[in-house]
Number of protein chains: 2
Amino acid sequence: MTSTRDQIIETTCNLLEMQGYHATGLNQIIKESSSPKGSLYYHFPGGKEELAVEAVRRVGDIVLERIQQNLALISGPAEAIRSFIMNIALNVERSGFRTGGPITTIALETASSSEALREECQRIYTAWQAAFVEKLRAGGISQDHAVDMSVMIIASIEGGVILCRTGRSRKPLEQVAQAIGEWVKHSL
Amino acid sequence: MTSTRDQIIETTCNLLEMQGYHATGLNQIIKESSSPKGSLYYHFPGGKEELAVEAVRRVGDIVLERIQQNLALISGPAEAIRSFIMNIALNVERSGFRTGGPITTIALETASSSEALREECQRIYTAWQAAFVEKLRAGGISQDHAVDMSVMIIASIEGGVILCRTGRSRKPLEQVAQAIGEWVKHSL
DNA sequence: GTCTATACACTGATAGAC
DNA sequence: GTCTATCAGTGTATAGAC
């Protein structure tokens with residue numbers, strides 16, 4: 001069944017987000033997902049790298065949906081994006097600063113060591129960017145301007161997550177949320 | 001002599017920036033620094049973690065000086081910061097997208113697994129922030145506002161580096177430089 | 001498809017000669 | 001202070017029974 005496969009992927013998603021790629025061992029994955037090692041290599045013949053690509057793809061798609069749903073809750077782009085970033089801050093805090101930025105660590109770790117993982121991370125960042133572009137365009141911003149702004153938005157969120165986890169505080173992301181909110185509002 | 005110790009630290013700085021903490025092994029460090037393992041444990045009895053703390057401290061201090069020097073080159077805060085970020089973009093590209101964000105990967109990897117490394121990274125982020133605050137204050141911005149803005153600046157740079165290395169392009173950091181520059185200018 | 005046992009390289013770390 | 005040899009543990013990956 002796909003259930004075993006799914007459980008391995010889900011466990012991998014969580015461990016990769018908390019620990020990163022190189023700190024997460026296959027032994028830990030099979031232990032926490034209660035799956036024997038034989039099954040892992042049956043479902044993912046490419047081993048750790050193939051499994052990680054699959055995990056990154058899954059968590060990336062889930063987060064994309066979450067972005068779209070959150071941005072749809074509030075009509076104005078500025079307030080919608082500000083509110084979305086505030087939510088991230090709360091979630092990072094709630095996890096005890098152990099999660100947040102589900103693909104950030106993997107992106108950095110594997111950017112120059114695994115082409116497959118780098119490409120998958122790049123694909124996801126592009127998809128996330130498109131979701132912000134769509135929201136900004138709906139607010140009347142031009143395509144080119146919306147693309148530039150979305151890069152800035154994603155960069156400041158990713159960096160904000162790093163500062164929150166390092167400083168054990170939700171404040172950096174709250175400051176980012178406020179700054180981005182006002183900046184987008186002023187650009188409308 | 002401190003020469004051996006220094007060479008080990010310098011090599012560790014470079015490897016940590018390119019590969020991260022868990023992907024960098026002590027064997028690689030002693031090999032590339034031409035230092036035997038015995039010397040490593042003589043100079044760093046605390047092993048890998050103590051060595052990494054020392055390396056993070058060193059690269060953090062060097063980058064702090066570079067920030068201060070760069071910001072001093074141009075009198076206006078907006079243009080000075082914009083120019084500084086553009087320089088980072090060029091350096092990331094010049095390295096073949098293998099370096100940039102010297103402590104970013106370590107900060108993420110060790111935020112919830114090594115208190116010593118997390119505290120050192122946090123100390124450095126605070127020092128970098130103070131450098132930007134000073135520059136913004138010199139431009140007439142209030143203390144509170146300058147602190148908030150500096151968090152935003154550092155977050156967007158850190159995130160921008162991630163997007164550049166993942167996408168193998170200097171463009172994200174150029175977009176961040178442009179956006180931050182205009183944003184600071186408008187805040188003056 | 002599932003599971004166990006195992007191969008083999010490599011990790012961080014240590015002991016002790018020099 | 002410097003260097004080599006080596007430890008115990010763990011990493012990814014594989015073979016083969018069921």
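Numbered from 1 within each chain, the chains take letters A, B, ... in sequence-line order.
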ask   = Residues in side-chain hydrogen bond (donor to acceptor under 3.5 Å, both in side chains) with B/Gln122, at least two apart?
value = none

request  = Please list all pairs passing the salt bridge (Lys or Arg N to Asp or Glu O under 4.0 Å) test where one or both residues lie in residues 179-188 of chain A, with sequence neighbours left out.
outcome  = none

inquiry  = Rounded to whole Å, please give me the gap between CG in B/Leu51 and P in C/dT11.
reply    = 15 Å

inquiry  = Within residues 107-115 of chain A, which residues have any heavy atom lying less than 4.0 Å from an atom of DNA chain D?
reply    = none

query = Counting only side-chain N and O atoms of A/Ser35, is one of them less than 4.0 Å from OP1 or OP2 of C/dT2?
reply = no

task = Let me know the distance between NZ of B/Lys31 and C1' of C/dG12, rounded to the nearest Å.
result = 18 Å

ask   = Can you check whether B/Thr4 has a side-chain N or O nearer than 4.0 Å to OP1 or OP2 of D/dG1?
value = no

inquiry  = Applying a 4.0 Å non-hydrogen cut-off, can you work out what A/Gly38 is touching in the nucleic acid: base, sugar-phosphate, or nothing?
reply    = base

request  = Return the value, rounded to whole Å, for the distance between atom CD of A/Gln7 and atom P of C/dG1.
outcome  = 16 Å

request  = Please report, rounded to the nearest Å, how far the P atom of C/dA5 is from the CD1 atom of A/Ile30.
outcome  = 12 Å

inquiry  = Listing request: all salt bridge (Lys or Arg N to Asp or Glu O under 4.0 Å) pairs with a residue in residues 78-92 of chain A, at least two apart in sequence or in separate chains.
reply    = A/Glu79-A/Arg82

ask   = C/dA13 P sits how many Å from B/Ile29 CD1, rounded?
value = 11 Å

ask   = Rounding to a whole Å, what distance do you find between A/Phe44:CZ and C/dG1:C1'?
value = 14 Å

ask   = Which residue pairs satisfy the salt bridge (Lys or Arg N to Asp or Glu O under 4.0 Å) criterion with at least one member in residues 141-167 of chain B, sequence neighbours excluded?
value = none

message = Can you pull out every salt bridge (Lys or Arg N to Asp or Glu O under 4.0 Å) where at least one residue sits in residues 110-126 of chain B? Sequence neighbours excluded, please.
response = A/Arg168-B/Glu115, B/Arg57-B/Glu120, B/Asp61-B/Arg123, B/Glu115-B/Arg118, B/Glu120-B/Arg123

request  = Return the set of residues passing salt bridge (Lys or Arg N to Asp or Glu O under 4.0 Å) with B/Arg66 (not counting sequence neighbours), or none when no residue passes.
outcome  = none

Pair B/Thr24-B/Gln19, side-chain donor/acceptor within less than 3.5 Å = yes

query = Can you find a side chain N or O atom of B/Tyr42 that sits less than 4.0 Å from OP1 or OP2 on D/dT2?
reply = no

task = Measure the shortest side-chain to side-chain distance between A/Met149 and A/Trp183 over non-hydrogen atoms and say whether it is less than 4.5 angstrom.
result = yes

Listing time: all N or O pairs from protein to nucleotides 9-12 of chain D that are below 3.5 Å?
{"from": "D/dG11", "atom 1": "OP2", "to": "A/Asn27", "atom 2": "ND2", "distance (Å)": "3.0"}
{"from": "D/dT12", "atom 1": "OP1", "to": "A/Lys48", "atom 2": "NZ", "distance (Å)": "2.9"}
{"from": "D/dT12", "atom 1": "OP2", "to": "A/Leu26", "atom 2": "N", "distance (Å)": "2.7"}

request  = Quick one: list whatever passes salt bridge (Lys or Arg N to Asp or Glu O under 4.0 Å) with A/Arg98, sequence neighbours left out.
outcome  = none

